[in-house]
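One structure below.
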Amino acid sequence: MRLNQARRHPPHWHTRDEQGTALVELTWLGLLLLLPLVWVVTAVFAVQQGAFATAGAARSAARAFSLADDDSQGRARARAAAVRVMVDQGIESADPDVTVTCVPSGNCHLPGTMITVRVKSRVDLPLFPRLFGEQHTSFALDSNHTVPIGRYRDFG
Amino acid sequence: MTRQSCHRRDETGQTMLLIVGLAVVLMTAVAVVVNASAAYLDRQALDSFADGAALAAADGGAQGNDVYSGGLDDERLELFEQTARDAVDAYLVSTGAADEFPGLRRSVQVDLATQSVRVRVSAPVELPLSVPGTPSSATITATGAAAVSPDP
């Protein structure tokens, strides 16, 4: 059947049908499959980079706070440590929100106190159209770390 | 000539198949990498708990008996395993680590030679993406160590 069909048409008939198909398929399938995939990968890794930085920032901020002499110095050092860690992790526009709570509340540097540092930040999703609004173009991240204030420290 | 044209007809759609196949392979690779980095992030969170638990263990394990027995010098304070273990349990409960990582297990060891405490925590985590042929969960482990020494 195929042979008969082929005989009826000149040889260039089928050849002409297939000309350029590969290029067309490569273009539309590439656009349809690979571009969204690249965007998803970029966005996922941007968020994971941010999560990694936020977790590291919380840990460093908690240690910085606990090693400071008093609460006000501790808050300043905790924020500085959090910003430094986030910049080190490649988040240049880092403006983390650092909050410190302690149990029991009051003076957080009393021996035996458990302090918790919470770091909140946002990561901008790459190549995301701004028309969906500012809230939807970034991803909120937060992390906290709890450390004890040692009972054997000199607080004189 | 006829045979040649037949072969050409058979090959239509090969490019599409190749691209779809490549996309599937890429997606699988991406899913594996996403799973691995998600597990790594979980491990980092567990590492924070291990660090905090080790500090709590060192603080709780040091009973301050040295003060009464031989006075404090530059050496590390003596640690007690049972109180260190209690401090770790209290820390893991108060920080919500047990809720965050269901199936969390911990081991606490006091090294009497160096007077340091070593806390090891491990937990199973569910991987976010399912990839055929790969496990859906992984076990992560983190270790923290701490000691108490007086300020010089």
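In this text, all values refer to a predicted model and were calculated from it rather than measured experimentally. Letters go in sequence order (proteins before strands), and every chain restarts at 1.
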Original post:
Looking at B:Ala23, B:Ala56, B:Ala87, B:Ser48, which makes the most heavy-atom pairs under 4.5 Å with chain A?
Top reply: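 If we count pairs closer than 4.5 Å to chain A, B:Ser48 comes out on top.
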
Original post:
Of the listed residues (B:Asp47, B:Leu26, B:Val148), which shares the most heavy-atom pairs with chain A below a 4.5 Å separation?
Top reply: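 Most heavy-atom pairs within the cutoff with chain A belong to B:Asp47.
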
Kindly work out whether a path of hydrophobic side-chain contacts (I/L/V/M/F/W/Y, heavy atoms less than 4.5 Å apart) joins [X] to [Y].
X	Y	answer
A:Val83	A:Ile91	no
B:Val88	B:Ile140	yes
B:Val34	A:Phe52	no
A:Val147	A:Val85	no
B:Val119	B:Leu46	yes

Interatomic spacing from [atom1] in [X] to [atom2] in [Y] - rounded to 0.5 Å:
X	Y	atom1	atom2	answer
A:Met114	B:Asp59	CE	CG	9.0 Å
A:Thr27	B:Ile19	OG1	CD1	8.0 Å
B:Leu22	A:Leu33	CG	CG	9.5 Å

**OP:** Could you point out which residue of A:His145, A:Arg63, A:Arg59 forms a side-chain hydrogen bond (donor to acceptor under 3.5 Å, both in side chains) with B:Asp51?
**Re:**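 When A:His145, A:Arg63, A:Arg59 are each tested with B:Asp51, the side-chain hydrogen bond (donor to acceptor under 3.5 Å, both in side chains) holds only for A:Arg59.
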
Interchain contact, [X] with chain A, by part (heavy-atom threshold 4.5 Å):
X	answer
B:Leu41	side chain
B:Ala38	both
B:Ala45	neither

Original post:
So, the side chain of B:Tyr91 versus the backbone of A:Thr146: is there a donor-acceptor pair under 3.5 Å, distance only?
Top reply: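 Yes: the side chain of B:Tyr91 pairs with the backbone of A:Thr146.
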
Original post:
Nearest heavy-atom pair of B:Gln44 and A:Ala51: which atoms, and what distance?
Top reply: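 That would be OE1-O, 4.5 Å.
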
Original post:
Just wondering, are more than 12 heavy atoms of other shown residues or ligands nearer than 6.0 Å to CD in B:Glu81?
Top reply: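 Buried by this count: over 12 neighbours within 6.0 Å.
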
Original post:
Is it the case that more than 12 heavy atoms not belonging to A:Arg79 sit under 6.0 Å from its CZ atom?
Top reply: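 It does: A:Arg79 CZ has more than 12 such atoms within range.
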
